Protein chains: 2
Amino acid sequence: MRPVTVYDIAREANVSVATVSRVLNNTAPVKKETRDRIVALMNKHQFQPNALARSLTRKETGMIGFILPDITNPFFPEVLSGFDYEARKLGYTYFLCDTISTNEENQRLYDRQYERESQYLSLLMEKQVDGIVMIGGRVDLAKPDPALAHELEEVAKRVPVLLLNGSLPKTKLNRVAADQKLGAQLAVQHLIDLGHRDIAVIGGFSKMTNTQQRLAGFRTAMKDAGLPVHREWVMTEGFSVEKGQEFTTHLLNAKRRPSAIFCMNDLLAIGALKAAHRAGIAVPEQLSIVGYDDIPQATYCIPELTTVSLLSQETGRQAARTLDKMIAGKKVPFLQTIVPELIIRETTAPYQP
Amino acid sequence: MRPVTVYDIAREANVSVATVSRVLNNTAPVKKETRDRIVALMNKHQFQPNALARSLTRKETGMIGFILPDITNPFFPEVLSGFDYEARKLGYTYFLCDTISTNEENQRLYDRQYERESQYLSLLMEKQVDGIVMIGGRVDLAKPDPALAHELEEVAKRVPVLLLNGSLPKTKLNRVAADQKLGAQLAVQHLIDLGHRDIAVIGGFSKMTNTQQRLAGFRTAMKDAGLPVHREWVMTEGFSVEKGQEFTTHLLNAKRRPSAIFCMNDLLAIGALKAAHRAGIAVPEQLSIVGYDDIPQATYCIPELTTVSLLSQETGRQAARTLDKMIAGKKVPFLQTIVPELIIRETTAPYQP
DNA sequence: TGACAAAATGAAACCCGTTTCATAAAAGGG
DNA sequence: CCCTTTTATGAAACGGGTTTCATTTTGTCA
């Protein structure tokens, strides 16, 4: 059966479609009697306006595109959840655009991510979304490919684009981002306050902005405390549990060991925890570990992770509110900074010689 | 600047919009010369067809609604990721509809979930999605509210609806679902094979179908082995880490302790692990633990969780393929069963008196 | 009761594609 | 070279709403 349209309602109510539309949207006064008749018919037929038709004329869809690299990375659902909360309240629906590739064996491949981002951008434009949020992927590049950056700016001319937790230098796109450097400083300062002097950093990808910033925070904290940074205690290129395990095993097998490890994310920290456990080293008594991101799993480990919270939910909420303002044509600050918090749990303890 | 339309292209190419449309969709032969001219103009102006207008006439949108209870529950991103993989290949975009409520403090509230599901259903209808996938929430109800069930069936009359991992008895809606009972049997049989006789079950919600089925699997396995089920060793109403910890602490404090615990999901198992650790009980030497779901975190714990995999990714993929067929009007089996697998890792060991 | 503003409503254009139907042009067959 | 197909193309309707503009009613106040 064909869905009921405003024409059907209009015919049966002996009015024009214009009047039906007015009742539907409350855009102009309609005589009470007429209105009641129309409303009754709408209920009777369970009339649901066709959003496509509506959006076509209104030139707004209430749809947003949310582009992220990998929904199975637990950090993103947190952000998304905050975004969802506000977006829903503001009347938006959103397309989830995951840019990761997986092969048939469900292994994640990051190689064609940017290509996929581009595909999604143009798909979202066709779908006439009101705005686009991007997190991860190309947004995290310290040196963005000029072509990519240009493409994003072109898109941003047509529809509001908001970047989360990244930067994309040289472009001037609006952003909501946590202060990554400060987060790292907080973490490392905490270790220093506990008496640690031999501190290693593991993880991250050197070409990513956030890695560079966190590393800068690490260096600043060390420098401020007059502590040296050993080259062999800075191990990058990886963000997974496996990598964390690998890095840590390596550190623990060296002749000189750090007494504390600052991990670029919680997954790495979980890996570090596993490596320490396998090596028979007690955490936090013999080795302090600090993570980054405060994913839910940080409290699932034994012991629970001390970590830096980027207030992921809050970031998502902020994003929705900001994007809504941009869509409404209001001015918003170019950069909204989220101030990270150190969450002290169980993986850090005072240094014991 | 106003986006370029087929009319703009047509005017500049000195053809009618019909011809432009034909070039766009390859629906009829167009003289090579003309086609080239039009294609060139499209590229020149970066023409992107308006998907709204297109969908309006075609009566298909390539959009799907994916309704789930809580994206921060790590089980769902897995399913979603599999779904995404196939859906993308098949040319669909999807709206993510999270039905959980959170308050300002980011606490999750499950009380208004069904209400939200209903809202999303009607929103998705308005948006003219081509199909709807539902997982969790109302789908897991062993005794569905008749009104809710009726609503879903009404929706299903207009647009293909596919339920994942649930049942909704008495309705005849298509489903893709793991064999929950078998999964539980696999897990419990494994414990029995290891020599355990004192086995407890924790978690789940008694009004949910999957809980009832898993419980049935537990009972069957026990009965087949001639083992008794102690009432006080069956503890339900909860699915979280905290609950797992609470249940397990309770079990370990009792005068008689089980030697193995079957948990209704991995989160509970992680909680059990934490409780055992706090109580100074070694896993798996003194206590064997089996989880359910095989979420990624199952390998992050120490020791790594033995658990039942529901092949979440595969479920998602299957869902996408099946829904696509339904949309195409092809016949699909009412129920597609996913056969769970037992993943033996480190939290189970032979019974030691 | 007349004058004028406000309320109520309809006709028609518009949004941007797709599709049908009709016509014109080119190609193939005898 | 004429007739029949096939190819190529345009005009116009359509999908389902919104919105402008004009017109008719109704209400209010002097």
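A quick note: this is a predicted structure, and the numbers were derived from the prediction, not measured. Chain identifiers are assigned alphabetically (A, B, ...) following the order of the sequence lines, protein sequences preceding nucleic acid strands; residue numbering begins at 1 within each chain.
- Inspection of the A:Y92 and A:D130 side chains reveals no N or O donor paired with an N or O acceptor under 3.5 Å.
- When rounded to the nearest whole Å, the span between NZ of B:K31 and C1' of D:dT9 equals 10 Å.
- The rotation axes computed at either terminus of the helix from C:dT1-D:dA30 to C:dG30-D:dC1 lie 30° apart, taking five pairs at each end and rounding to 10 degrees.
- Open room surrounds CD on B:Q46; 12 or fewer heavy atoms of other groups in view lie less than 6.0 Å from it.
- Between A:D8 and A:R2, at least one side-chain N (NZ, or NE/NH1/NH2) sits under 4.0 Å from a carboxylate O, which counts as a salt bridge.
- Between the P atom of D:dG17 and the CD atom of A:E60 lies a distance of 16 Å, rounded to the nearest Å.
- Under the 30°/60° scheme for interplanar angles, the aromatic rings of B:F95 and A:F95 are found to lie parallel.
- With A:F334 as the aromatic partner, A:R175 does not meet the cation-pi criteria of under 6.0 angstrom to the ring centre and within 45 degrees of the ring axis.
- A donor and an acceptor atom, one from each side chain of B:R138 and B:S118, are located under 3.5 Å apart.
- Regarding B:R11, its CZ atom lies at a distance of 19 Å from the P atom of D:dT9, rounded to whole Å.
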Check residues 152-163 of chain A and write down every donor-acceptor pair under 3.5 Å in which the side-chain atom is one partner and the other belongs to a residue at least two apart or another chain.
unit_1 : atom_1 : unit_2 : atom_2 : d
A:E153 : OE2    : A:K172 : N      : 3.4
A:E154 : OE2    : A:K157 : NZ     : 2.9

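- Per the geometry, CD1 belonging to A:I38 stands 14 Å off P belonging to D:dG17, to the nearest Å.
- If you check every strand for non-hydrogen atoms under 4.0 Å, A:D8 touches nothing.
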Under 3.5 Å, N/O pairs linking protein and nucleotides 12-19 of chain C:
unit_1 : atom_1 : unit_2 : atom_2 : d
C:dC15 : O3'    : A:K59  : NZ     : 3.1
C:dC16 : OP1    : A:K59  : NZ     : 3.0
C:dG17 : OP1    : B:N50  : N      : 3.3
C:dG17 : OP2    : B:V6   : N      : 2.7
C:dG17 : O5'    : B:N50  : N      : 3.4
C:dG17 : N7     : B:Y7   : OH     : 3.2
C:dG17 : O6     : B:Y7   : OH     : 3.1
C:dT18 : OP1    : B:N25  : OD1    : 3.2
C:dT18 : OP1    : B:N25  : ND2    : 3.0
C:dT18 : OP1    : B:R54  : NE     : 2.8
C:dT18 : OP1    : B:R54  : NH2    : 3.0
C:dT18 : OP1    : B:R58  : NH2    : 3.4
C:dT18 : OP2    : B:S21  : OG     : 2.7
C:dT18 : OP2    : B:N25  : ND2    : 3.1
C:dT18 : O4'    : B:T57  : OG1    : 3.0

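- Taking the centre and axis of the six-membered ring of A:Y85, the NZ or CZ atom of A:R317 falls inside the cone set by 45° and 6.0 Å.
- One finds no side-chain N or O of A:T34 lying less than 4.0 angstrom from the OP1 or OP2 phosphate oxygen of C:dA8.
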